Amino acid sequence: MNSNYNFERAAIDDIESIISLRVALLKEVGEIKSTKEEQIIMSSTRKYLEETFTNNEFISYVAKFKGEAVSISGMVIYKRPPYITNLNGIEAYLLNMYTLPNHRGKGLARELIECCLEECKRKNVKRIWLHSSEDGKYLYKKMGFSYNDTEMELFLK
């Protein structure tokens with residue numbers, strides 16, 4: 001871990017930073033194509049985060065450099081009906097993993113994923129799943145995630 005960075009669970013005060021980094025991610029992967037779309041996403045994301053941060057439906061960890069958020073993670077924990085490999089039905093969907101380009105290659109994403117995994121263990125999550133960009137697949141695989149038909153997943157013991 002790089003000691004120049006602080007890793008912490010995001011708080012309500014971090015919402016604007018999370019929105020900014022999420023917009024950067026969506027632009028990078030081509031999901032935002034206009035200023036109008038950007039404004040819509042920013043407004044909708046702000047509303048979503050304000051609602052879900054207060055009741056812990058959405059959990060985010062951030063890496064900060066000199067007090068500025070430079071890398072984020074997001075996670076939604078939910079309960080679904082049990083199935084044979086997950087009898088308690090608790091799952092987590094990992095999303096919004098993003099690091100500003102000039103902070104990449106320093107282990108920030110790995111550390112944020114570790115924070116999410118620890119949170120999942122505390123909350124008795126059995127399965128974590130995600131959809132990965134091409135750039136992220138290697139890291140997720142290295143951390144134990146495997147390919148499913150349409151996503152990557154990791155079962156915790």
Side-chain angles (χ1 to χ4, degrees), residues 1-2 5-15 17-32 40-42 44-64 69-100 103-157:
M1 177 173 68
N2 193 319
Y5 296 88
N6 293 321
F7 297 88
E8 56 194 56
R9 184 168 169 166
I12 213 87
D13 295 346
D14 295 308
I15 285 179
S17 296
I18 293 168
I19 292 168
S20 175
L21 291 171
R22 182 166 193 264
V23 165
L25 164 67
L26 295 174
K27 284 181 174 179
E28 192 171 302
V29 297
E31 289 189 25
I32 292 178
I40 291 168
I41 287 295
M42 289 177 71
S44 297
T45 302
R46 185 175 295 105
K47 182 178 180 199
Y48 172 82
L49 292 175
E50 287 170 351
E51 291 172 7
T52 59
F53 260 42
T54 56
N55 63 11
N56 288 317
E57 281 182 52
F58 181 81
I59 298 166
S60 180
Y61 285 89
V62 295
K64 293 183 178 180
V70 297
S71 187
I72 59 167
S73 66
M75 185 170 57
V76 178
I77 297 176
Y78 62 96
K79 189 165 186 171
R80 60 176 276 184
Y83 51 99
I84 201 66
T85 54
N86 186 358
L87 294 175
N88 71 9
I90 303 173
E91 294 191 354
Y93 182 66
L94 194 61
L95 69 157
N96 288 344
M97 295 295 305
Y98 184 74
T99 302
L100 290 173
H103 292 274
R104 292 180 184 165
K106 298 177 179 167
L108 305 182
R110 171 182 280 284
E111 185 66 28
L112 291 174
I113 294 168
E114 290 290 345
C115 290
C116 290
L117 293 176
E118 288 303 314
E119 183 82 27
C120 286
K121 290 173 187 172
R122 286 191 295 273
K123 296 194 178 292
N124 203 25
V125 170
K126 178 67 175 171
R127 177 180 179 248
I128 305 167
W129 62 286
L130 58 92
H131 292 95
S132 177
S133 66
E134 281 303 313
D135 291 342
K137 285 181 180 178
Y138 176 75
L139 174 61
Y140 294 122
K141 190 170 180 171
K142 198 171 172 183
M143 295 188 73
F145 285 82
S146 59
Y147 293 99
N148 188 324
D149 292 333
T150 58
E151 68 242 359
M152 296 184 79
E153 65 184 358
L154 173 70
F155 282 89
L156 299 176
K157 296 182 184 204

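We use all heavy atoms of the structure for the numbers below, so side chains are in, but hydrogens, waters and symmetry mates are not. What you are looking at is a predicted structure, and each value in this text was computed from that prediction instead of being measured.
By the 30° and 60° cut-offs, the orientation of the rings of F155 relative to Y83 is perpendicular. Ring geometry for Y5 versus F7: interplanar angle of 30 to 60°, hence tilted.
Note that CD1 of I90 and CG of N86 are 7.5 Å apart. Values are rounded to the nearest 0.5 Å. Atom OG in S132 sits 13.5 Å away from atom OH in Y138 (nearest 0.5 Å). Of the inter-residue distances, the one linking L87 atom CG with I84 atom CD1 reads 5.5 Å to the nearest 0.5 angstrom. To the nearest 0.5 angstrom, F53 atom CZ is 10.0 Å from D13 atom CG. Separation of atoms CG (L130) and CD (E153) is listed at 9.5 Å; rounding is to 0.5 Å. Rounding to the nearest 0.5 Å gives a distance of 12.5 Å between CG of L154 and CG of N148.
Within the 4.5 Å cutoff, the side chain of S60 has no heavy atoms near those of the N96 side chain. Using a 4.5 Å heavy-atom threshold, the side chains of M97 and L139 count as separate. The shortest side-chain heavy-atom distance between F58 and L95 falls under the 4.5 Å cut-off. Annotation: side chain of M75 is in contact with side chain of C120 (closest heavy-atom distance under 4.5 Å).
Checking side-chain atoms of K126 against main-chain N and O of L156 turns up a donor-acceptor pair under 3.5 Å. Distance alone, capped at 3.5 Å, places no donor-acceptor pair between the S44 side chain and the I41 backbone. D14 places no side-chain N or O within 3.5 Å of a backbone atom of V62 that could act as its donor or acceptor partner. Formation of a donor-acceptor pair under 3.5 Å by the S73 side chain with backbone atoms of I113 is not found in this model. Looking only at distances, no side-chain donor or acceptor of R9 sits under 3.5 Å from a matching main-chain atom of I59.
Between the side chains of N6 and E8, no donor-acceptor pair is found at a separation under 3.5 Å.
Nearest heavy-atom pair, R22 versus I72, reported as atom, atom and distance to 0.1 Å: N-CD1, 4.0 Å. Minimum heavy-atom separation, L108 to S71: CB-OG, 3.9 Å. Heavy-atom minimum distance, G74 versus L94: O-CD1, 3.3 Å. For the residue pair I128 and V125, the shortest heavy atom distance occurs at CG1-CG1, 4.0 Å. Between M42 and V23, the shortest heavy-atom contact is CG-CG2, 3.6 Å. When all heavy atoms are compared, the tightest approach of L100 to A69 is CD1-O, 4.3 Å.
Atom NZ of K137 has more than 12 heavy atoms from other residues, nucleotides or ligands within 6.0 Å.
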Is there a salt bridge (charged side-chain N to carboxylate O under 4.0 Å, His left out) between K47 and E50 once you walk through the steps?
CA-CA 5 Å; K47 182 178 180 199; E50 287 170 351; over 6 Å; no

